[in-house]
Amino acid sequence: MAKQILNTIQSLKSKPHYAHEENVYLPGAVIFAEGDARDHAYIVEDGAVEITIMKDGAPVTVAKLGPGEIFGETALMERGGTRSATATATAETRVFVITRDLIMERVTGLDPLIGLLMSLLIDRYKRSRALESGVSADGEDPKEHVSEKMEAFLEHWAVQKESALKELQMAREIKEAIAAKQFVPHIQPIVTIPGRKLEGFEALVRWEHPEKGMIPPFEFVPVAERTNVVRELDLMMLRRVCEHLPGLRETAGHDLFVSVNLSGTHFTNHNVVDVVREILDEHKVDPASIKLEITESALVTEPELAIDILRDLKRIGVSIALDDFGTGYSSLSYLHKFSIDTIKVDRSFVRQVDADKRGLDIVRAIVGLARTFDLGIIAEGIENENEIGALTGAGCEAGQGYFFGKPMPVADAAAWIAENARLAG
Ligand code: C2E
Ligand code: CA
Ligand code: CA
């Protein structure tokens with residue numbers, strides 16, 4: 001744990017954005033004394049710190065701290081006030097100063113559940129302190145000490161608390177909606193370019209809410225991801241896709257694949273391999289007709305585990321596409337480490353191919369990379385013929401986008417297939 005904390009400090013310091021204060025104290029130096037104004041906390045980086053309080057006129061040691069430990073943290077939890085103990089370096093000691101400003105910067109964009117936990121823990125801390133001292137937690141609230149920033153900070157936490165509760169409610173609603181079969185796949189065609197021969201479809205989830213109408217994924221997928229409900233959602237999509245596959249294939253009159261999006265949270269547990277296998281077995285679906293789309297970020301949390309999981313998924317016989325390529329933690333090193341079949345070029349690059357040359361250069365580079373590693377390429381979000389021309393010129397052989405077809409209910413696929421065959425000539 002201490003090591004983790006020190007690593008975090010290192011990473012904080014390497015970000016110029018988080019201006020930090022670093023202080024070194026010689027043995028015997030007082031870091032703060034009882035009665036000093038209380039305005040920030042410290043983490044010991046190296047060395048040793050002793051915390052003492054005065055009892056009957058003599059100092060009594062209440063804690064001896066080493067690297068990775070925190071002290072003076074009440075400054076972050078209570079407004080204003082003064083130090084109730086003295087902190088002294090007992091060896092040459094370097095401390096990392098946590099100012100409220102630093103916390104303010106970090107707290108913005110905090111996961112709401114973490115925000116909720118923090119605010120609950122702080123509330124509890126304050127209450128137990130109040131019980132101990134017999135003073136109401138806010139009773140010692142000398143207005144002149146209350147920094148405006150701290151007010152904003154506490155207010156922000158209150159908002160976080162509310163949004164965390166809303167999020168937990170939404171997670172429950174999502175679960176209920178899965179059970180009530182309110183989630184349905186829409187499918188978007190993936191075709192060869194420029195010939196527009198149908199290769200397969202990507203399944204994209206839609207929430208058909210009985211009161212709110214159709215809810216797009218950006219309104220619930222992020223919540224589902226943070227609360228882990230997304231695993232159920234993805235597996236449900238895989239089941240639906242397996243049910244529709246034979247029909248789609250028959251309508252098309254040839255083999256095709258369907259892509260299913262898998263959230264990164266599946267890649268922290270090997271269990272996903274068995275579950276995917278069971279679903280395919282149960283529906284007697286040829287694994288070769290299923291492509292699983294994962295994003296780069298799914299692979300960075302626990303790369304070793306992700307390597308294992310991908311390899312075992314490939315052993316089942318499904319293929320793997322790397323979604324939104326170029327937008328995440330693009331590290332070319334994983335392209336050969338991870339078992340990937342296809343790269344999906346993100347729409348942000350496709351959008352730039354005819355407007356500026358740099359976009360096209362990037363797509364060319366990705367195509368070159370794909371060739372080197374023997375991977376397929378699908379360009380996402382194609383909206384016009386100029387883009388098709390530029391992408392084809394760059395060596396990209398397949399694509400999807402509104403130009404060919406928007407995501408549609410499975411029931412509309414037959415009409416789309418007929419129309420597309422006509423356009424393809
Ligand atoms: P994605 O996987 O990158 O999906 C492509 C998104 O681009 C889809 O948005 C699609 O409708 C949209 N799109 C396709 N062609 C065009 C185009 O020509 N122009 C523009 N502007 N957009 C286009 P959608 O359906 O709203 O899905 C958004 C995201 O939600 C997906 O991005 C994916 O990350 C997530 N998602 C969707 N379904 C699932 C699912 O079943 N499981 C998980 N884990 N995530 C899903
Ligand atoms: Ca996708
Ligand atoms: Ca994508």
Side-chain angles (χ1 to χ4, degrees), residues 171 174 177-178 181-191 193 196 200-208 214-244 257-268 272 275-276 279 290-298 319-328 330 340-354 363 366 376-388 391 396 398-410 412 416:
I174 295 175
I178 293 175
K181 294 201 172 9
Q182 289 170 8
F183 291 104
V184 295
H186 277 200
I187 54 174
Q188 184 177 34
I190 297 171
V191 298
I193 55 171
R196 67 191 301 161
F201 292 96
E202 174 174 3
L204 294 155
V205 68
R206 297 290 180 267
W207 185 350
E208 288 179 346
M214 200 171 75
I215 308 180
F218 71 85
E219 287 187 25
F220 60 89
V221 168
V223 179
E225 279 186 328
R226 283 196 290 269
T227 50
N228 265 342
V229 192
V230 78
R231 297 196 202 183
E232 270 176 72
L233 193 70
D234 289 349
L235 296 172
M236 180 234 52
M237 285 288 281
L238 180 61
R239 286 193 188 93
R240 293 291 91 77
V241 162
C242 287
E243 287 163 14
H244 289 303
F257 67 83
V258 179
S259 280
V260 175
N261 290 284
L262 270 197
S263 147
T265 63
H266 293 279
F267 289 85
T268 53
V272 65
V275 182
V276 168
I279 294 175
I290 297 291
K291 211 188 255 306
L292 300 176
E293 295 197 2
I294 58 168
T295 57
E296 297 164 272
S297 55
S319 64
I320 308 288
L322 199 52
D323 207 354
D324 307 338
F325 187 78
T327 59
S330 279
I340 291 159
D341 303 276
T342 309
I343 293 176
K344 296 194 77 172
V345 181
D346 190 69
R347 170 164 159 67
S348 54
F349 304 116
V350 171
R351 205 168 36 202
Q352 293 175 33
V353 288
D354 60 347
V363 174
I366 298 177
I377 284 245
I378 299 171
E380 289 189 295
I382 299 176
E383 292 186 354
N384 59 56
E385 284 188 83
N386 290 343
E387 288 166 355
I388 299 174
L391 289 164
C396 181
Q400 76 187 87
Y402 294 168
F403 183 79
F404 303 110
K406 290 196 172 180
M408 63 187 97
V410 179
D412 294 356
W416 181 88

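Counting convention: from 1, in listed order, for ligands and their atoms alike.
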Scan the protein's non-hydrogen atoms and note whether one is under 4.0 Å from [atom].
atom: atom 34 (O) of ligand 1; answer: no
atom: atom 23 (C) of ligand 1; answer: yes
atom: atom 27 (O) of ligand 1; answer: yes
atom: atom 9 (O) of ligand 1; answer: no
atom: atom 19 (N) of ligand 1; answer: yes

Distance filter under 4.0 Å to [X] heavy atoms, resulting ligand 1 atoms:
X: Met237; value: 41 (O)
X: Gln188; value: 14 (C), 15 (N)
X: Glu380; value: 3 (O)
X: Glu383; value: 17 (C), 18 (O), 19 (N), 20 (C), 21 (N)
X: Ser263; value: 44 (N)
X: Gly401; value: 15 (N), 18 (O)
X: Gly381; value: 15 (N), 16 (C), 17 (C), 18 (O)

*Would a distance-only check, ignoring hydrogens and angles, find a side-chain to backbone donor-acceptor pair under 3.5 Å from Arg231 to Thr265?*
yes
Which heavy atom of [X] sits nearest to which heavy atom of [Y], and what is that distance?
X: Pro222; Y: Pro217; result: CD-O, 3.6 Å
X: Gly399; Y: Ile193; result: N-CG2, 4.2 Å
X: Asp341; Y: Ile320; result: OD2-N, 2.7 Å
X: Ala203; Y: Pro185; result: CB-CB, 4.4 Å
X: Gly381; Y: Glu387; result: O-OE1, 3.9 Å
X: Val260; Y: Asp234; result: CG1-O, 4.2 Å

Just wondering, is there an N, O or S atom on [X] that's nearer than 3.0 Å to the Ca ion (ligand 2)?
X: Ser259; value: no
X: Asp324; value: no
X: Glu380; value: no

What is the nearest protein non-hydrogen atom to [atom], stated with its residue, atom name and distance?
atom: atom 11 (O) of ligand 1; result: Pro407 CG, 3.2 Å
atom: atom 39 (C) of ligand 1; result: Val205 CG1, 3.5 Å
atom: atom 44 (N) of ligand 1; result: Asp234 OD1, 3.0 Å
atom: atom 46 (C) of ligand 1; result: Asn261 CB, 3.9 Å
atom: atom 31 (C) of ligand 1; result: Leu204 CD2, 4.2 Å

_Parallel, tilted or perpendicular, judged at 30° and 60°: which one describes the rings of Phe220 and Phe183?_
tilted
*Which option out of Tyr402, Phe404, Phe218, Phe183 puts a heavy atom nearest to atom 17 (C) of ligand 1?*
Tyr402
Do any heavy atoms of [X] fall under 4.0 Å from ligand 1?
X: Lys406; value: no
X: Glu202; value: yes
X: Asp324; value: yes
X: Lys344; value: no

Looking only at distances, can you tell me whether any N or O atom of [X], backbone or side chain, sits closer than 3.5 Å to an N or O atom of ligand 1?
X: Arg347; result: yes
X: Glu225; result: no
X: Asp323; result: yes

*asked:* Go through it in stages, so that I can follow the logic: the residues are Ile377 and Phe325, the test is side chain to side chain contact (heavy atoms under 4.5 Å, CB included), and I'd like the CA-CA distance, side-chain angles, deciding distance and then a yes or no.
replied: CA-CA 10 Å; Ile377 284 245; Phe325 187 78; over 6 Å; no
With a heavy-atom distance limit of 4.0 Å, tell me whether [X] approaches ligand 1 through its side chain, its backbone, both, or neither.
X: His186; answer: neither
X: Arg206; answer: side chain
X: Pro217; answer: side chain

_Please determine whether side chain to side chain contact (heavy atoms under 4.5 Å, CB included) holds for the pair Asp412 and His186, giving the CA-CA distance in whole Å, both sets of side-chain angles, and the decisive distance to 0.1 Å._
CA-CA 10 Å; Asp412 294 356; His186 277 200; over 6 Å; no
*Among Gln400, Lys291, Glu293, Glu202, which residue meets the side-chain hydrogen bond (donor to acceptor under 3.5 Å, both in side chains) test with Ser259?*
Glu293
_Tell me whether Glu385 at atom CD has more than 12 heavy atoms from other residues, nucleotides or ligands lying less than 6.0 Å away._
no
*side chain to side chain contact (heavy atoms under 4.5 Å, CB included) between Glu380 and Phe349: does it pass, once the steps are laid out?*
CA-CA 9 Å; Glu380 289 189 295; Phe349 304 116; over 6 Å; no
*If the Ca ion (ligand 2) is the vertex, what is the angle to OE1 of Glu293 and OE2 of Glu202, rounded to 10 degrees?*
90°
*Taking just the N, O or S atoms of Asp323, which one is nearest to the Ca ion (ligand 3)?*
OD1
